Amino acid sequence: MSEEKSLNFIEEIVEADLAAGKYPSITTRFPPEPNGYLHIGHAKSICLNFGLAKKYGGKTNLRFDDTNPVTEDTEYVESIKNDVKWLGFEWAAELYASDYFEQLYAFAMQLVEKGLAYVDDSTSEEIAAQKGTPTQSGTRNKYADRTVAENVQLFADMKSGKYADGEKVLRVKIDMASPNMLLRDPIIYRIKHAHHHRTGDKWCVYPMYDFAHGQSDSIEKITHSICTLEFVPHRPLYDWCIDQLGTFPSKQYEFARLNMTYTVMSKRKLLQLVNENMVNGWDDPRMSTISGMRRRGYPAASIREFCDRIGIAKRDNLIDVGLLEFCVREELNKIALRRMVVFDPLKVVITNYDKVEEILTSENNPEDEHGGVREIPFSKELYIERDDFMEVPAKKYFRLAPGQMVRLKSAYIIKCDDVVKDADGNITEVHCSYIPESRSGADTSGINVKGTLHWVSAQHAINAEIRLYDRLFNVEDVANAEGDFKSYINPNSLQIVHNAFAEPQLAKDEHQQPFQFLRKGYFVLDRDTNTNQLVFNRTVTLKDAWAKEVKKS
RNA sequence: UGCCUGAUAGUAUAAUGGUAGUACGACUGUUUUUGGUGCAGUUUGUCUUGGUUCGAAUCCAGGUCGGGCAACCA
């Protein structure tokens, strides 16, 4: 009965390798550079790498690719660890490319000794010029002719700090005429007299990605080194280094990175948004970062589900952010506690209500039969949402209007009898009468109404601040839109409701959990909450068929 | 005018020479004390031209279009 879910192309490779007995078990790695916060694109890679190991009984390392000391920081290391954990994954080992600096240096020296690497004194401009162009071969300079002994000495001197930044580099000797630019004697070591967040000032030479990454994979005996498509042309170099050094034959496979509508996914751009205060930090709820989504209230499970649904392939893609939101709603619908909050209040007076108050109950979650109920006070004066009343109702509007009846959720059916206005003609309150025998759970009125509204008792309501988020950008394909991406920022991506009225239960609730504010959306408490003010973030709206109807006409 | 890589509904993704399927979206109906949820249904697709074959999304050849590659970044 269990329908076989078809495999993606990487799973097929893994299964074939395992079936052929190529490896006893697989090892993958997630290798971020600690130079920024993780985003939803990284989540795709995390789910892939950790998911593969989990599915096939292997293991996954968390390896920081910290080979460029000037961009990296421990703040990023900590955030990355935190995000991976929060997503629900456990790494077999926490490792750093910088742990291998000694070994990597020795590997490079081996290449020097084999006559496969040489020290070049050219400037970066000269090296670039000598590289040629995609259609034109490069040329080798005189430094390529240095003897092995000379290169050994010079490389050792580079390491010992004899030279300044940029004075010399170590290059690997491959083919200056290769149609693959990356094979034209690529640089594998450069001099940087910079403080490294882990090795301090111990080193002044640092390996380049192409050398460090493959060899780090080899050291860890990574069987399947999975990266994104832009590294495809690097693969021959990856293989070349492993071949020449005879290290563990890790294999690189590439998949298409995630692109999503209405957002940006590059660390450079995200950093720019943070630095230029277009958002409030890396974990701003509008950001595509894992930390932003967490603060916004996206459950980890829904991010995993999303990554699972989008699949793994090699085709460039632009995924509708609506799919992520669908996954978030799907998860939250199952677990969110229902509460009532009125954002834009309109006073309703129940003219025929004689009691002081009464306590009603309402289910915490209709999707969860064991979810229980909470108590809600009802009284003569209530607040409803201002747009749940129309003096002159539109077609198919089945909320409150003069002479029209609605159900107040978990309470009574009311009928609008009168509208009170101020001197300027603004509606200040609505007078209604209630049907005493229509109380929820004990309704003997026999009346059926089409609309059900959320409400709060005016005297019992508590105040809350609600932050409503919308997409950060107002074009679908931000990365490919013309001009500066920042010119497409949605000026209304954050709207704040300062004085929302919430049912009193919300003051007592456990605040780690997600809520659904009835008919408004899913919300989660923000860390800006303090002793005299609750602050909520809107995670995502509910689907709104009426809004769509209104938009159509 | 080089090399690499890709192309299946609006968006993703599957079918690995044998009935083009799934999800999201859209639309319809239904249920509902959330215009939410659930349920049922409808809709739209193999880039192109030729070839191989009983049979092609799949194999072959040409074309078209997209993406990547000339950092002492990763």
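Just so it is clear, the values below take in all heavy atoms, side chains as well, and ignore hydrogens, waters and symmetry mates. Just so it is clear: chains get the letters A, B, ... in the order the sequence lines come, proteins before strands, and each one is counted from 1. These numbers were taken from a predicted model, which means no experiment stands behind them.
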K.L.:
Name the pairing partner of B:A14, where a pair is Watson-Crick or G-U wobble with both distances under 3.5 Å, or state none.
P.N.:
none
K.L.:
Could you tell me whether A:Arg309 contacts a base, only the sugar-phosphate backbone, or nothing, with contacts defined as non-hydrogen atoms closer than 4.0 Å?
P.N.:
sugar-phosphate
K.L.:
Any side-chain heavy-atom pair from A:Met265 and A:Ile40 closer than 4.5 angstrom?
P.N.:
yes
K.L.:
Taking N and O atoms by type only, does the side chain of A:Glu367 place a donor or acceptor under 3.5 Å from a partner on the base of B:G36?
P.N.:
yes
K.L.:
From NZ of A:Lys314 over to C1' of B:G6, roughly how many Å is that when rounded to an integer?
P.N.:
9 Å
K.L.:
Check ring-ring contact (aromatic ring centres under 6.0 Å, His included) between A:Tyr522 and all other residues, then give those that pass, not counting sequence neighbours.
P.N.:
none
K.L.:
For the P atoms, the ones on B:C27 and on B:A15, what distance do you get once it is rounded to whole angstrom?
P.N.:
31 Å
K.L.:
Using Watson-Crick or G-U wobble geometry with both distances below 3.5 Å, tell me the partner of B:G41, or none.
P.N.:
B:C27
K.L.:
To the nearest Å, how far apart are A:Asp388 CG and B:U34 P?
P.N.:
13 Å
K.L.:
Can we call the ring centroids of A:Phe536 and A:Phe523 under 6.0 Å apart?
P.N.:
no
K.L.:
Please figure out whether A:Ile310 or A:Leu518 has its closest RNA chain B nucleotide nearer the 5' end.
P.N.:
A:Ile310
K.L.:
When the P atoms of B:A12 and B:U31 are considered, how many whole Å apart are they?
P.N.:
37 Å
K.L.:
Select base, sugar-phosphate, or nothing to describe what A:Tyr206 touches, counting heavy atoms under 4.0 Å on all strands.
P.N.:
nothing
K.L.:
Separation of A:Leu324 atom CG from B:G25 atom P, in whole Å?
P.N.:
13 Å
K.L.:
Taking NZ from A:Lys44 and C1' from B:U13, how many angstroms apart are they, rounded to a whole number?
P.N.:
11 Å
K.L.:
Give A:Leu318 one of three labels, base, sugar-phosphate or nothing, depending on what nucleic acid heavy atoms sit under 4.0 Å from its own.
P.N.:
sugar-phosphate
K.L.:
Give the B/S/- string for nucleotides 67-74 of chain B, one per nucleotide from 5' to 3', where a protein heavy atom under 4.0 Å of the base yields B, of only the sugar-phosphate yields S, and otherwise -.
P.N.:
S-SB-BSB
K.L.:
Measure from CZ on A:Arg407 to P on B:G35 and round the result to the nearest Å.
P.N.:
13 Å
K.L.:
With heavy atoms under 4.0 Å as the rule, sort A:Lys543 into base, sugar-phosphate or nothing.
P.N.:
sugar-phosphate
K.L.:
Using atom C1' of each nucleotide, how far apart are B:A20 and B:G55 to the nearest Å?
P.N.:
15 Å
K.L.:
To the side chain of A:Tyr397, which of B:G6, B:G35, B:G36 is closest?
P.N.:
B:G35
K.L.:
Tell me what A:Arg399 touches on the nucleic acid: a base, only sugar-phosphate, or nothing, going by heavy atoms under 4.0 Å.
P.N.:
base
K.L.:
Rounded to the nearest Å, what distance is computed from the CG atom of residue A:Asn365 to the C1' atom of nucleotide B:G38?
P.N.:
13 Å
K.L.:
Compute both the distance and the angle, then confirm whether A:Lys520 meets the cation-pi test with A:Phe343: under 6.0 Å from the six-membered ring centre, within 45 degrees of the axis.
P.N.:
yes
K.L.:
Applying the Watson-Crick and G-U wobble criteria at under 3.5 Å, what pairs with B:U1? Answer none if nothing qualifies.
P.N.:
none
K.L.:
Would you call A:Asp185 and A:Arg140 a salt bridge, taking side-chain N to carboxylate O under 4.0 Å as the test?
P.N.:
yes
K.L.:
When you compare B:A61 with B:A23, how far apart are their P atoms, in angstrom units rounded to a whole number?
P.N.:
37 Å
K.L.:
So, does A:Lys548 get its side chain near the phosphate of B:C27, meaning an N or O under 4.0 Å from OP1 or OP2?
P.N.:
yes
K.L.:
My understanding is that a pair needs two contacts under 3.5 Å, Watson-Crick or G-U wobble. By that rule, which nucleotide pairs with B:A20?
P.N.:
none
K.L.:
For B:A61, what is the paired nucleotide under Watson-Crick or G-U wobble rules, both distances under 3.5 Å?
P.N.:
B:U49
K.L.:
Write down the atom of A:Trp455, the atom of A:Leu382, and the distance for their closest heavy-atom approach.
P.N.:
CE3-CD2, 4.0 Å
K.L.:
Tell me: CZ of A:Phe9 to P of B:A14, nearest whole Å?
P.N.:
9 Å
K.L.:
May I ask you to say what A:Ile312 touches in the nucleic acid, namely base, sugar-phosphate or nothing, with a heavy-atom cut-off under 4.0 Å?
P.N.:
sugar-phosphate
K.L.:
Look at all strands and tell whether A:Gly521 reaches a base, only sugar-phosphate, or nothing, counting heavy atoms closer than 4.0 Å.
P.N.:
nothing
K.L.:
B:U52 and B:U46: how far apart are their P atoms, nearest whole angstrom?
P.N.:
23 Å
K.L.:
Is a side-chain N or O of A:Thr263 found less than 3.5 angstrom from the main chain of A:Met260, in a donor-acceptor match?
P.N.:
no
K.L.:
If the P atom of B:C65 is compared with that of B:U49, how far apart are they to the nearest Å?
P.N.:
16 Å
K.L.:
Please state whether the rings of A:Tyr238 and A:His213 are parallel, tilted or perpendicular, taking 30° and 60° as the class boundaries.
P.N.:
tilted
K.L.:
Is A:Gln516 touching bases, backbone alone, or none of the nucleic acid, heavy atoms closer than 4.0 Å?
P.N.:
base
K.L.:
Tell me what A:Arg184 touches on the nucleic acid: a base, only sugar-phosphate, or nothing, going by heavy atoms under 4.0 Å.
P.N.:
nothing
K.L.:
What is the distance, rounded to the nearest whole Å, between atom CZ of A:Phe326 and atom P of B:U22?
P.N.:
15 Å
K.L.:
Mind checking the P distance from B:U44 to B:U11? Whole angstroms is fine.
P.N.:
16 Å
K.L.:
Is the NZ or CZ atom of A:Arg63 positioned over A:Phe30's six-membered ring, under 6.0 angstrom from the centre and within 45° of the axis?
P.N.:
no
K.L.:
Checking base pairs now: Watson-Crick or wobble, both atom distances under 3.5 Å. What partners B:A74?
P.N.:
none
K.L.:
With the side chain of A:Ile319 defined as its heavy atoms from C-beta on, choose the nearest nucleotide among B:U33, B:G36, B:A12.
P.N.:
B:A12
K.L.:
If you measure from the P atom in B:G25 to the same atom in B:G36, how many Å do you get, rounded?
P.N.:
13 Å
K.L.:
Give a yes/no verdict on a cation-pi contact between A:Lys168 and A:Tyr163, requiring under 6.0 Å between NZ or CZ and the six-membered ring centre and an angle within 45° of the axis.
P.N.:
yes
